[in-house]
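Structure, as structure tokens:
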Amino acid sequence: MAAMDATKVAGCFKDRTILVTGSTGFLAKLVVEKILRVQPDVKKLYLLVRAPDNAAARQRVLHEILGKELFNVLRAKHGADFHSFIQEKISSLAGDVAHQNLGLENTRAQQLFEEIDIIVHGAATTNFYERYDVALASNTFGTAHICQFARQCSHLKLLLHISTAYVVRLQKGQLLEKPLELGQPLKKGRHLDIEAELKLANEFRAKFMKDHSGADSSQKLEKVAMKELGFKRAKYFGWPNTYAFTKAMGEMLLGAMRGDLPVVIVRPSMVISTFEDPFPGWIEGIRTMDALIVASYEQRLPCFITGSVLDSIPGDMVVNAMMVAMATHYNDVGAQVVYHVTSALQNPLSCNLLGESIYAYCLINPRVRDDKRTIIQHKRPILFSRYAYFYTYVVLAYKTRLQVLYAVNYLLLRGRLTEYHSKLNRSLNYLMSTAKFYAPYIFFKGCFDDTNLRTLWGTTGARHGDGYIFNFDSSCVDWRLYLFNTHIPAVLKVAADMKKQGRA
């Protein structure tokens, strides 16, 4: 690989036309902001968003992307010229990767086929328990559609696909930076046929709607049933959830369809708030381990499970790795390279450190009651290193107690404790569902190989502390300081804002 200093990386994007899908998403926003900030001479950024028409697409881009705090540094840099700069560099597209030619009109698609140099494909539904049909349309066949689109672009020099490290399934040992292939061995006796999965999802939905036609809650029941189907299919083939499974199938289709198209696949682990760029602690929504932080702060996890490592990576480091990878493999005909943008091999974040950091933060920054005067004493949760121990404790502490409470309530107290019983039951359900959700990650015994990523980092010639603007060296992160001073307060701020807006 050629040496990649900051000037060379930024120079790769000069006079380029770039299509970004999923641009309203967390990572794609960071990509857009970073390109505009480090390379103001980029020719054009086309941002594909789901919208009924171009006017609505422009409004989404203005409100959901450019209107965010993330762009404050860029806004300050350009001052009064910010809006004219944006108008010149950004063009919104109303479309959807779930459709052929991304749902664009023929004339518009033909125009783009002649213009685009780079595609950054970030469009995906990231809900771990999404409806199976929706996840297949976006994560699996959406990737196939972007590949078909890319192959029609006469000047395209690179397709970068944002995936997830967990497409490789949660296996023991070192998990290599290798492309996924159609028909590669899975669990013994289980052959994955992607077209058959789509047919299964469609037939299941049609049968369910027929069986429940006329029911008042048919739509709600259908949604639950389709979510359960996706989760069952994922577990059957060895993936932890619908998101990872459908993303894996998307990668398989990409590998089978790409031809000699230069492809870079970036697989981050758990993406968390920015480490330093454009400023520390930018995050959007409650992501991956962030739900644990919020639940711990609100003391909804009196007991929980703990393991060895939670592989996490700040969002700006993912984007920096993407940009160096794009500069490195630009016009690298026939290449298909995978990068695990992860931290566990170089600088593991232990579950214990995360738990201690949350506890320490809550002690120093305790919650207060609605009267704004009474401090709520934070209690240290009971942690279990094995799921069986956790489950046994929950049975004794909650389920047995609920059974006794139920009997006393209806036999002796004539229902006076019904509300308390319901509240305790909700707490139990939340505790168990959260533990079930995180168990595959907390007890994960594998480790993501990052040989390609470390080689890429070596091309930059950068060292920790030298101010390299495309830093993706996870070993420079002091997890204790970052969690306490940056990530935890950022997550709690987002959670509080969501609560005020009624989105929590």
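- Here Arg131 pairs with Asp133 in a salt bridge; the nearest charged N to carboxylate O distance falls below 4.0 Å.
- In the model, Asp311 has a side-chain atom that pairs as donor or acceptor with a side-chain atom of Ser269 under 3.5 Å.
- The NE2 atom of His340 sits 13.0 Å away from atom CD1 of Ile313, with the distance rounded to the nearest 0.5 Å.
- Considering only heavy atoms from C-beta on, Val20 stays 4.5 Å or farther from Tyr46 through its side chain.
- Distance alone, capped at 3.5 Å, places no donor-acceptor pair between the Gln299 side chain and the Ser296 backbone.
- Once rounded to the nearest 0.5 Å, the distance linking CE of Met270 with CG of Leu349 reads 9.5 Å.
- A 4.5 Å side-chain heavy-atom check between Leu158 and His329 finds at least one atom pair inside the cut-off.
- Here the two rings, on Phe26 and Trp282, have centers that are under 6.0 Å apart.
- Thr164 places no side-chain N or O within 3.5 Å of a backbone atom of Val167 that could act as its donor or acceptor partner.
- Of all heavy-atom pairs spanning Ala344 and Val309, the tightest one is CB-CG1, 4.0 Å.
- Proximity of a side-chain donor or acceptor of Thr459 to a complementary backbone N or O of Leu456 within less than 3.5 Å is detected.
- Under the 30°/60° scheme for interplanar angles, the aromatic rings of Tyr166 and Tyr441 are found to stand perpendicular.
- Under the 4.5 Å side-chain criterion, counting only non-hydrogen atoms from C-beta, Gln39 is in contact with Lys14.
- The closest side-chain donor-acceptor pair between Lys235 and Asn241, if any, does not fall under 3.5 angstrom.
- Taking all atoms of both residues into account, the shortest heavy-atom contact from Ala57 to Val49 is CB-CG2, 3.5 Å.
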Which is it for Tyr482 and Ser273 under the side chain to side chain donor-acceptor pair (under 3.5 Å) test, yes or no, and what are the steps along the way?
-> CA-CA 10 Å; Tyr482 164 73; Ser273 66; 2.8 Å; yes
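- Listed for the Thr274 side chain is no donor-acceptor partner under 3.5 Å among the backbone atoms of Glu276.
- From Arg367, atom CZ reaches atom CD1 of Ile376 across 4.0 Å, with rounding to the nearest 0.5 Å.
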Show your working on side-chain contact (heavy atoms from CB on, under 4.5 Å) between Phe13 and Met326 and close with a plain yes or no.
-> CA-CA 9 Å; Phe13 301 96; Met326 283 189 277; 4.0 Å; yes
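- Arg426 and Asn429 share no donor-acceptor pair across their side chains, judged by distance under 3.5 Å alone.
- The backbone N or O of Leu47 lies less than 3.5 Å from no partner atom in the side chain of Ser92, so there is not a single donor-acceptor pair.
- Shown here is Lys89, whose NZ atom has more than 12 heavy atoms of other residues, nucleotides or ligands within 6.0 Å.
- A distance of 7.5 Å separates CG in Asp290 from CD1 in Ile272, rounded to the nearest 0.5 Å.
- Between Val32 and Ile90, some side-chain heavy-atom pair lies under the 4.5 Å cut-off.
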For Leu136 and Met249, what are the C-alpha separation, side-chain angles and deciding distance, and is it a side-chain contact (heavy atoms from CB on, under 4.5 Å)?
-> CA-CA 9 Å; Leu136 280 168; Met249 289 190 283; 3.5 Å; yes
Would you be so kind as to tabulate the donor-acceptor pairs closer than 3.5 Å made by side chains of residues 381-398, with sequence neighbours excluded?
{"unit_1": "Tyr391", "atom_1": "OH", "unit_2": "Lys399", "atom_2": "NZ", "d": "3.3"}
{"unit_1": "Thr392", "atom_1": "OG1", "unit_2": "Ala388", "atom_2": "O", "d": "2.8"}

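- For the side chain to side chain donor-acceptor pair (under 3.5 Å) criterion with Ser163, the lone passing option out of Lys247, Arg267, Glu251, His121 is Glu251.
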For a quick test of your reading: what N or O donor-acceptor pairs under 3.5 Å do the side chains of residues 358-366 make, sequence neighbours left out?
{"unit_1": "Asn365", "atom_1": "ND2", "unit_2": "Tyr361", "atom_2": "O", "d": "3.1"}

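- Here the closest heavy-atom approach between residue Leu74 and residue Phe85 is recorded as CD2-CE2, 4.4 Å.
- For Phe279 and Phe275, the distance between ring centers is not under 6.0 angstrom.
- Not counting sequence neighbours, the partners of Asp450 by the side-chain hydrogen bond (donor to acceptor under 3.5 Å, both in side chains) test are Gln346, Arg454.
- The shortest non-hydrogen separation linking Thr306 to Asn352 is OG1-OD1, 3.5 Å.
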Evaluate side-chain contact (heavy atoms from CB on, under 4.5 Å) for Ile65 paired with Ser23, printing each intermediate quantity in order.
-> CA-CA 8 Å; Ile65 302 175; Ser23 53; 3.6 Å; yes
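- Sparse packing is recorded around CZ of Arg50, with 12 or fewer heavy atoms of other residues, nucleotides or ligands lying under 6.0 Å away.
- Separating the CD1 atom in Ile265 from the CG atom in Leu254 is a distance of 5.0 Å, to the nearest 0.5 Å.
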Steps toward side-chain contact (heavy atoms from CB on, under 4.5 Å) verdict (Ile146, Leu102) = CA-CA 7 Å; Ile146 203 73; Leu102 314 184; 3.8 Å; yes
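- A 4.5 Å side-chain heavy-atom check between Ile283 and His487 finds at least one atom pair inside the cut-off.
- Looking only at side-chain heavy atoms (C-beta outward), Ile86 and Leu36 come within less than 4.5 Å of each other.
- For Thr328 (side chain) and Val324 (main-chain N/O), a donor-acceptor pair under 3.5 Å exists by modelled atom type.
- Under the side-chain hydrogen bond (donor to acceptor under 3.5 Å, both in side chains) criterion, Asp449 pairs with Thr451, not counting sequence neighbours.
- Contact between Pro268 and Val271 at its shortest, heavy atoms only, is CB-CG2, 3.7 Å.
- Inter-residue side-chain proximity for Leu292 and Thr434 is flagged as met; some heavy-atom pair is nearer than 4.5 Å.
- Taking the ring centre of Phe71 as origin, the terminal cationic atom of Lys77 falls outside the region bounded by 6.0 Å and 45° from the ring axis.
- Electrostatic pairing of Glu284 and Lys68 counts as a salt bridge here, judged by a charged N lying under 4.0 Å from a carboxylate O.
- For Asp117, the side-chain hydrogen bond (donor to acceptor under 3.5 Å, both in side chains) criterion is met by no residue, not counting sequence neighbours.
- Ser474 contributes no side-chain N or O that, together with a main-chain N or O of Asn347, makes up a donor-acceptor pair within less than 3.5 Å.
- Remark: Asp277 CG to Ile469 CD1 distance equals 8.0 Å, nearest 0.5 Å.
- Ring orientation note: the planes of Tyr438 and Phe304 are nearly perpendicular, at an angle over 60° on the 30°/60° scale.
- By the 4.5 Å heavy-atom criterion applied to side chains, Val294 and Ile286 are counted as neighbours.
- The side-chain hydrogen bond (donor to acceptor under 3.5 Å, both in side chains) check on Arg380 picks up Glu356, with sequence neighbours excluded.
- Residues Tyr129 and Phe437 place their aromatic rings such that the two centres sit under 6.0 Å apart.
- Nearest heavy-atom pair, Glu130 versus Thr125, reported as atom, atom and distance to 0.1 Å: OE2-OG1, 2.8 Å.
- Checked by atom type and distance alone, the side chain of Ser433 pairs as donor or acceptor with a backbone atom of Tyr430 at under 3.5 Å.
- Using the six-membered ring where Trp is involved, Trp457 and Phe472 have ring planes that are perpendicular, over 60° apart on the 30 and 60° scheme.
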